[in-house]
Protein chains: 2
Amino acid sequence: MMVKHTGRPGYLQIADDLRAQIRGGALAPGAPLPSTAQLAEQYDASLSLVKMAVGVLRTEGLVVGQQGKGVFVRDAAETPADEIAELRAAVQELSVRLARVEEQLATSTERPS
Amino acid sequence: MMVKHTGRPGYLQIADDLRAQIRGGALAPGAPLPSTAQLAEQYDASLSLVKMAVGVLRTEGLVVGQQGKGVFVRDAAETPADEIAELRAAVQELSVRLARVEEQLATSTERPS
DNA sequence: GTAGCCAACATAGTTAACCTAGTTGGCTCA
DNA sequence: TGAGCCAACTAGGTTAACTATGTTGGCTAC
């Protein structure tokens, strides 16, 4: 696998990168993503990680998989959630981080007696 | 794996059911989902399927997992309509929480130990 | 020539195993 | 008593193997 020093899970890093490529136009609507095997080699990741990353993008509605053919970028028209997906991912990550910090803070500031 | 014998994948059926429970109020905001082991037994499914189902809900932002504690229904679960408004509200809330945490952090570090 | 088969490729779903790491409550021992 | 360790929970991440199924292009047999 690659850049892990960020603590962000590998499959989310891959999803982030693909999402950025879609948002940036490097992967245009209708265009196919590289195959699972190609992505695995490209990111030096296991097939499992790539499948999980694609699964995230599928759940977000950014891409649509067609069995036997490939995974294709959805049209911006039919994905009013493309920009939202990115924001939602960011907000969710912030929520997790904040929840962790709050918890840590709550336990460390418990009043003695 | 013993879920319905429809064409719908098992992990999506589990995610659907949990989502319905959240939307229906059976799982209130802040409430914890049953543990993955309990869900696996409850749905007579493998741990893998349950983890995938929870992963979908996490990606959707319906729940937030806290390592070591559980998976909890998010407060924003009742905002189905305008996703942008939802995200704006989420950002607003995160800002407030972050400000409060930073405040507490600053005061608590004035006196180490 | 062409109809049909078939191998190679693709996504998708499922399961299991192993590891990391945070939480909690109880037990032991000084 | 109480401080600290420890066992049993918890979610999360990673990998691998197997199956199912759809697509495509080439080869073969007629």
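Partners of A:Ser35 according to the side chain to side chain contact (heavy atoms under 4.5 Å, CB included) rule, which considers only residues two or more places apart in sequence or in another chain, are A:Ala37, A:Gln38. The side chain to side chain contact (heavy atoms under 4.5 Å, CB included) test applied to A:Gln66 returns A:Lys69, A:Phe72, not counting sequence neighbours. Shown here are the side-chain hydrogen bond (donor to acceptor under 3.5 Å, both in side chains) partners of B:Gln21, two or more places apart in sequence or in another chain: B:Asp17. Checked against side chain to side chain contact (heavy atoms under 4.5 Å, CB included), A:Glu41 has no partners two or more places apart in sequence or in another chain. With sequence neighbours left out, B:Lys51 forms a side chain to side chain contact (heavy atoms under 4.5 Å, CB included) with no residue at all.
Regarding B:Leu49, its CG atom lies at a distance of 12 Å from the C1' atom of C:dA16, rounded to whole Å. Rounded to an integer number of Å, the gap from CE of B:Met52 to P of D:dA11 is 17 Å.
Across all their heavy atoms, B:Thr36 and B:Leu47 have their closest contact at O-CD2, 3.9 Å.
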Nucleotides 16-18 of chain D: which of its N/O atoms have a protein N/O under 3.5 Å away?
unit_1 : atom_1 : unit_2  : atom_2 : d
D:dA16 : N7     : A:Ser48 : OG     : 2.8

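Between D:dG13 and B:Arg58, a contact under 4.0 Å exists linking OP1 or OP2 to a side-chain N or O.
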> In the 5'-to-3' direction, what one-character label does each nucleotide of nucleotides 3-10 of chain C receive under the scheme B = base within less than 4.0 Å of a protein heavy atom, S = sugar-phosphate only, - = no such atom?
Replying inline: -------B
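Side-chain proximity of A:Tyr11 to the nucleotides C:dG13, C:dA12, D:dT14 is greatest for D:dT14.
Considering only heavy atoms from C-beta on, B:Met52 stays 4.5 Å or farther from B:Leu12 through its side chain. Inter-residue side-chain proximity for B:Ile14 and B:Leu39 is flagged as unmet; no heavy-atom pair is nearer than 4.5 Å.
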